[in-house]
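So the structure is just underneath, and the comments pick up after that.
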2 protein chains.
Amino acid sequence: MLTDRQLLILRAIVDDYIKTAQPVGSRTLSKRSDVTFSSATIRNEMADLEEMGLIEKPHTSAGRIPSELGYRFYVDHLIRPESISPQEAKALKSLFAHSVNENDRLIRHTADLLSELTHYTTLVLGPKEEGQRLHHLELIPLAEGRVVIVLVTETGHVEHKTLQLAEALSREAASRLMERLNQTLRGTPLSQLRLRLLEEIRRFRSEHSEQTTLLSKALDIVLTDQHEERPLIYLGGKANMFDQPEFQDVAKLRPVLELIEQQEALFDFLSPSLDNQILITIGSENNVDALKDCSVIRAHYSVDGVSLGTLALIGPKRMDYNRGINSIIHLLQAFQTELRKNNLD
Amino acid sequence: MLTDRQLLILRAIVDDYIKTAQPVGSRTLSKRSDVTFSSATIRNEMADLEEMGLIEKPHTSAGRIPSELGYRFYVDHLIRPESISPQEAKALKSLFAHSVNENDRLIRHTADLLSELTHYTTLVLGPKEEGQRLHHLELIPLAEGRVVIVLVTETGHVEHKTLQLAEALSREAASRLMERLNQTLRGTPLSQLRLRLLEEIRRFRSEHSEQTTLLSKALDIVLTDQHEERPLIYLGGKANMFDQPEFQDVAKLRPVLELIEQQEALFDFLSPSLDNQILITIGSENNVDALKDCSVIRAHYSVDGVSLGTLALIGPKRMDYNRGINSIIHLLQAFQTELRKNNLD
DNA sequence: TGTTAGCACTCACTTTTAACGAGTGCTAAT
DNA sequence: ATTAGCACTCGTTAAAAGTGAGTGCTAACA
């Protein structure tokens, strides 16, 4: 176990390093007001902390920096859930002053807010669509056999796609088919929609003996596509990466920025579900090579107990965990409140 | 005027520098197979070219690099419109092998293709929506007074927005209003839609004495919004910037990447209309500080004589203009063909 | 026994110096 | 007009020397 003094020193080292990005020496620490013992004592303690693997030195004659294990310990034991300042709390409330009606916009807005709040890059994984239920389907024939299909879920999420049919679909046929489909399919979860839709079209065809084979094929393709599509990922504050001293080197910066641009990779990284309310992964804990010098703070957002997506914050390992965690917690609250407003059934 | 030999030397310098990113010396040039004269002669000619402002030296004992004026001259007079190789032409054709029905996707796809083809970052300014005509309007009531409004243009472009009304709109009222609006407003250019829509709703209200004030207000807000919204900008190959030796320095890279993320700034930059088929701006000609070390190749795309948007290629001043221009020309052709297919009325 | 002062040692970082060489401009010979 | 020759420039690289922040260890101290 660590003594109180060791805890104090470890915390001081991490705090200092987070603030300055410079290795912290024993003399610097000894000058702090909350440190009553000498630099030599600190050196002794540091040697012990290093032996435990909590801190390390970049080279012989430098100060100490936290190791990954050190950050881990700091995050697990040394963070004090500093409550947000009153003015910040006020600011946070006013952020959502005017409601955002569409979830898409709301999410984008939230990503931007969080990055503004923390000065880190943010990722927001949008809700999975499979779970949502169909509210309305609309077929709108265009010229030359092109048809726009619009799908609205109960939460107001809108998807659309344009198909090309071999022959024009008449407005009447479209409206008849649509009316029928809406009657029977409303409330179907999107995950089942494809199967049920095909079935329904088949039935419709046999009853009306209309030529809807092509339409059904086209719809099938569309919905298959739909089904495989992953939730959107929204990014905020990409440029914040540039401000971090650890990413002044293009070689360090590049893999991170490249990863961030890849929806699929990000999705794979973010999608695993979390048990805890808040998950923090540090450096190699991310299991992604591009993020080996980064830390990620993640939180699930949910409405009425249903987990919908992920809110994440990405920065250097030397990120301000305290501020990050607090910001994400508070924003999460406000965000979920807004989201609930939009998701009333 | 420049002598043939000077032209040869200038072209050789630019070509070489584009390829190697290293200042070109007289000795290097004298070794080229198409150069029959000595390095001393080349030095004399170089001195003249430098006096004319076409080339410059980074420092006394370095070779020469093209000045902005030099690039300008090269682009205006020395580029040979090298026709694309047969295999590339074939590849280009197969790129659009399976049609993309939606313009949005088509544009995104094109941006990606162009960046793959050239290894530069690409920007595509989407078509202005104002000019498009309304094909169909759909009001879909959700729970709690929320209404999704979906707008489809004749080209199959879909916009949607969710509004919050003070009281629920009944399905019947919605469908009556919608039918009426579609009858009277189909074919209205989006630029006039707002005014005409308001008028129409007012008339509808007086005829049916229904409570649609709120709806009309909400629609007004939506459409105003819509109207002010700028065309989307699609990006391709952002990561290509990392490969350019001139952008290995974060200080150089940052402003460019930051600019690219700003829709508004990019819009202002790209939107001015072009007289020519292809416009090339070099360094300070861009009139944007962030792009002072970049060159941009732009081309308007249009269908049936109507200019719709811009296709652009962005790279270092030392970019391969020849390849860039050729790629953009050829892709432009294929892109417009696809676009025309989708825009049949 | 825990703490601290003192001191030799390490090593990144900075500055200095020197050597190198690619490239130039000029001059004189062809 | 062209070119060979040569002195000169200057960025680049490498080696050398100096600086200083920081450490580990030891011995003295409370």
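In this text the structure is predicted, and so the values were computed from the model without any measurement. Order of the sequence lines fixes the chain letters, A, B, ..., with proteins taken first and strands second; residue numbering starts at 1 for each chain.
- The pair R254(B)-D243(A) meets the salt-bridge criterion, with a side-chain N (NZ, NE, NH1 or NH2) lying under 4.0 Å from an Asp/Glu carboxylate O.
- Judged by distance alone, the side chains of D112(B) and Y234(B) never bring a donor and an acceptor atom under 3.5 Å apart.
- Looking at heavy atoms from C-beta onward, L266(B) lies in side-chain contact with L259(B) at the 4.5 angstrom threshold.
- Using modelled atom types and a 3.5 Å distance limit, the side chains of R298(A) and T310(A) yield no donor-acceptor pair.
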Could you go through nucleotides 20-22 of chain D and list every protein N or O atom that sits under 3.5 Å from one of its N or O atoms, giving the distance for each pair?
from	atom 1	to	atom 2	distance (Å)
dG22(D)	O4'	S61(A)	O	3.3
dG22(D)	O3'	A62(A)	O	3.2

Test side-chain contact (heavy atoms from CB on, under 4.5 Å) on L49(B) and I9(B) and set out the steps. CA-CA 9 Å; L49(B) 289 171; I9(B) 290 175; 3.9 Å; yes
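- Looking at E246(B) and K252(B), no side-chain N of the basic residue comes within less than 4.0 Å of a carboxylate O on the acidic one, giving no salt bridge.
- When DNA chain C is scanned in the 5' to 3' direction for atoms under 4.0 Å from non-hydrogen atoms of chain B, the outermost contacting nucleotides are dA22(C) to dG25(C).
- One can place NZ of K57(B) at 9 Å from C1' of dT9(D), the figure rounded to the nearest angstrom.
- Using modelled atom types and a 3.5 Å distance limit, the side chains of N240(A) and T121(A) yield no donor-acceptor pair.
- Paired with S295(B) under the rule side chain to side chain donor-acceptor pair (under 3.5 Å), one option of Y71(B), Y120(B), Y321(B) passes, and it is Y321(B).
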